[in-house]
Every structure is written in C-alpha cells, then in structure tokens.
Amino acid sequence: MDFSEHPCFNANVRHTKGRIHLPVAPKCNVQCNFCNRKYDCVNESRPGVTSTILAPEQASLYLDSVLERVPNLAVVGIAGPGDPFANTDETLRTMELVGKNHPDKILCLATNGLGLAEYVDRIAKMNISHVTITLNAVDPEIGAKIYAWVRLGPHVYRGVEAAKLLLERQTLAIGLLKEHGIIVKINTVIIPGINEEHAVEVAKYAAALGADIQNCIPLVHVEGTAFEGRPTPDARAMQELRLKAGQYIKQMTHCARCRADAVGLVGKENSEEIAKLLAAAATIRPTAERPYVAVASMEGLFVNRHLGEATELWIFGLEKGQVCLLSQRPTPIPGAGDERWRDLAKILPDCCAILVSGAGKAPEKVLSEYGITVIAAEGLISEIAGAVLEGRPIPKVLLRTAGACGAGVSCSGTGTGCM
Ligand code: SF4
Ligand code: SF4
C-alpha cells in the first residue's frame with residue numbers, strides 16, 4: 001500500500017485522492033471549550049458535525065455504496081463526531097470491517113488520545129497506519145483553560161488535574177504509536193489569548209516524541225461553547241506561527257477542518273448524492289433475507305421490555321401494508337454470557353432488528369455481528385415496528401438512546417454521562 005496517498009499527510013495528492021469519514025463515534029470522553037457536536041447540520045462544515053450516526057455494519061454498507069460512486073477514495077477514517085476511543089467497540093468493529101472488505105484503503109483515526117494507549121497494539125495489527133492526536137497544550141496550566149473536564153473510567157477530572165492526566169495519556173499514546181511505526185499527525189487548535197504562543201512549545205514536544213507532522217488549526221467560532229465570541233486567528237498570524245513551529249516539525253497547511261462525515265477531496269463539500277446515501281444508510285431496513293422485526297413486549301401491544309428480561313420475543317412483519325404479529329419465540333436461558341446472545345441471533349435468522357425498552361452493550365455488539373440491530377425505544381409496536389418495516393426513520397420522541405432528551409450530543413454535560 002502506498003501511504004503517501006493520504007491527502008491530509010501529503011498535500012501533493014489532495015487534488016486527486018479523497019478520504020471518507022465514517023461517523024460512528026458520537027460520544028466523547030473530554031469536553032473541549034471550543035467544541036459543540038451538533039447532528040443534523042447539513043450546512044455547517046466543521047469538525048464535530050455530521051448529518052447522522054451509523055452503526056458499524058451500516059457504515060460498512062454505506063462505504064460500499066459510496067465507493068461505487070467515488071472511486072478515488074484512498075483513505076477511510078473515523079473522526080468523530082466525538083472521540084473514537086470513547087466509542088471503542090464501534091470504532092474497532094468498523095475498522096475491522098473496512099480492513100476486511102477493502103484491504104487497499106489507508107485506515108486512519110483522529111482522537112484526543114485519552115483512551116488510545118491500551119489499543120495501540122490492536123490498531124497496529126489492524127493495519128491502521130495513520131493516527132491524528134489533538135494536542136493543544138503541553139503545560140497543564142494552559143490545558144486547564146481549554147478543557148472543561150476529562151473522563152477516564154468512572155472518574156471525572158477538572159482543571160489542572162484533568163489537563164495533566166490528558167497530557168500524560170497523550171504522551172504515552174504518541175510514544176507507543178511511533179514504536180509501532182504508525183504515522184502520527186498532531187492537531188493543535190490555535191486559540192487566541194490561550195495557546196497561540198504556546199503552540200511552538202507543542203511543536204517542540206511533539207517532535208521530541210517522534211510525531212511526523214503538525215496541523216495548526218485556527219479556532220473555529222462555534223456558538224454555544226465556552227469560547228464563543230473569541231476571535232479567530234487571522235491568516236498572517238497562522239503563517240507566522242507555522243513558520244516558527246516548522247523549525248521543529250513539518251507543518252500541514254491545507255487542512256479544511258472537515259465534517260465528521262466528510263467524503264471526497266479535501267476542501268470539497270459533500271454532494272447531495274452522498275447526503276442521500278448517508279441518510280439511507282442510517283435507516284434500518286428489512287431485507288429479503290431478514291424481512292421481520294422482533295419485539296420485547298409484555299403484552300404484544302407496546303415495546304416495553306428490557307432485552308435481558310424478555311423470556312419471549314414477538315415477531316412482526318408487514319402483510320398487505322399492515323403490521324401483523326407472525327409468531328412468538330422463547331429466548332435462550334439467561335446466564336450463558338455472550339453465548340446467550342449468539343443463541344438468540346440464531347433463532348432470529350429472519351429479523352433485521354430487535355425493538356426493546358433497553359439492552360446492555362454486550363447483546364448489542366454480538367447481535368450486530370449477526371446483522372441484527374438492537375433499537376431501544378418505547379411506545380406502540382405498530383408505530384415503531386411499522387417505521388422499521390417500511391424503511392422509515394423511527395420518530396425521535398420514541399427512541400430511548402442517549403440524547404433522547406433532545407439535547408443530543410450538543411450537550412456539554414457534566415462529564416458524568418446521561419442518567
Ligand atoms: Fe471531544 Fe474535544 Fe474532540 Fe469535541 S474537540 S469531540 S470535545 S475531544
Ligand atoms: Fe484532513 Fe484536516 Fe480534513 Fe482531518 S480535518 S480530514 S486533517 S483536511
């Protein structure tokens with residue numbers, strides 16, 4: 001594989017080779033004071049924005065459909081809209097599918113680096129060759145002004161303690177990436193009054209760790225963030241900064257600050273056709289092999305049962321345009337770990353989705369590997385199953401996912417997650 005074909009790492013190919021970002025990582029483990037991750041924004045082009053979120057299997061099918069129309073995509077990456085390692089299962093599963101189906105593509109991840117170190121071995125084995133880490137400060141006092149909070153495991157850190165922890169984890173991760181021969185780009189967001197002078201120290205620090213290139217990105221003005229209203233550095237200031245930082249590490253100068261669902265050549269907007277493919281990929285549809293949906297319900301009228309508690313599933317399909325109950329199937333006995341979910345997948349070879357009021361991460365993961373999507377929702381079966389069976393989006397008000405409160409991922413939260 002020719003690694004020089006990455007259009008972000010090699011400006012010479014940016015007019016001929018494209019990249020695709022698969023938006024599979026909605027959550028984040030850090031809150032940067034300049035970030036606001038809004039979905040559903042087709043007009044705004046900046047990191048953190050995507051029209052939708054895809055599950056790994058949806059992302060894989062979507063990639064196939066895009067490649068039929070945009071054949072010059074050299075790179076498949078994950079760049080949010082949150083952080084790949086705050087959504088590790090989804091990230092690794094997606095990369096695994098892409099690597100298997102498209103071994104000719106360069107695989108790339110963009111992360112804040114907090115949760116990366118434990119997975120460097122694994123991503124090296126998966127042939128992920130390019131990783132970008134956003135390193136905005138190498139002095140925790142400065143970092144404390146940039147990050148509202150940092151969450152590692154169950155703990156939430158704030159202030160200097162948070163910035164120190166993040167820097168330690170980023171330093172560890174960069175070292176490990178270089179030990180594994182992975183190409184590392186450092187993104188540094190230039191925030192006037194906070195780190196515009198300090199970015200040269202970041203360049204020195206990153207170079208000493210063996211990073212390959214730095215991408216100094218002027219702050220994007222984003223409404224609803226703590227840094228809203230702060231000025232954006234002008235082109236001249238950026239040029240001077242890059243000259244200084246360039247004494248220590250090669251500089252990227254053509255970054256287009258892409259969306260988390262960007263497709264095509266760097267700097268070109270997504271076409272309408274791509275927007276339609278993405279919307280279609282996000283809709284769970286029955287297929288000829290899987291024409292039905294299974295429902296966890298107490299009485300067969302409402303989706304109102306947690307998957308772990310369901311002793312039977314109700315199978316629904318469409319007959320003459322009406323949602324009809326076809327059968328009831330007992331679920332495998334609890335207590336057999338992941339085997340229970342594999343057994344469940346085997347009794348649902350004709351179902352594309354399971355509708356539940358709630359489910360754990362393990363069944364979601366195992367069932368998705370069999371092509372069955374777990375959908376958490378509450379309401380009338382006829383309404384929810386009807387939407388899936390007819391290939392329509394489920395009304396958001398019925399969904400029971402994180403963000404169903406309406407704030408979505410634009411919520412900067414408290415760092416403790418939704419209840
Ligand atoms: Fe998370 Fe910061 Fe990246 Fe936003 S910019 S997704 S808060 S790491
Ligand atoms: Fe490349 Fe910059 Fe776009 Fe990332 S945001 S894909 S580095 S051009």
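As the structure lists them, so they are numbered: ligands from 1, and atoms in each ligand from 1.
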Legend entry - Atoms in ligand 1 flagged as close to G82, the criterion being non-hydrogen separation under 4.0 Å: 6 (S)
Inset, instruction - Do me a favour and list the nearest non-hydrogen protein atom to atom 4 (Fe) of ligand 1 with residue, atom name and distance? - result: C35 SG, 2.3 Å
Inset, instruction - Quick one: look up the protein heavy atom nearest atom 3 (Fe) of ligand 1 and list residue, atom name and how far away it is. - result: C28 SG, 4.5 Å
Inset, instruction - Work out whether the distance between some heavy atom of P81 and some atom of ligand 1 is less than 4.0 Å. - result: yes
Legend entry - Close approach of F34 to ligand 1, heavy atoms, under 4.0 angstrom: yes
Inset, instruction - Tell me, please, whether F227 has R230 positioned over its six-membered ring: NZ or CZ under 6.0 Å from the ring centre and within 45 degrees of its axis? - result: yes
Legend entry - Protein residue, atom and distance nearest to atom 7 (S) of ligand 1, heavy-atom basis: V30 O, 3.2 Å
Legend entry - Aromatic ring pairing H130/H6, orientation class (parallel under 30°, perpendicular over 60°, tilted between): tilted
Legend entry - Passing option when N112 is tested against D83, T134, N136 for side-chain hydrogen bond (donor to acceptor under 3.5 Å, both in side chains): D83
Inset, instruction - Considering only non-hydrogen protein atoms, determine which one is nearest to atom 8 (S) of ligand 1 and report residue, atom name and distance to 0.1 Å. - result: N112 ND2, 3.4 Å
Legend entry - K365, NZ atom: more than 12 neighbouring heavy atoms under 6.0 Å: no
Legend entry - Side-chain (H198) to main-chain (I194) donor-acceptor, under 3.5 angstrom: no
Inset, instruction - Report yes or no: does C32 have an N/O/S atom closer than 2.8 Å to atom 2 (Fe) of ligand 1? - result: yes
Inset, instruction - For R19 and V76, indicate whether the former's side chain and the latter's backbone hold a donor-acceptor pair under 3.5 Å. - result: no
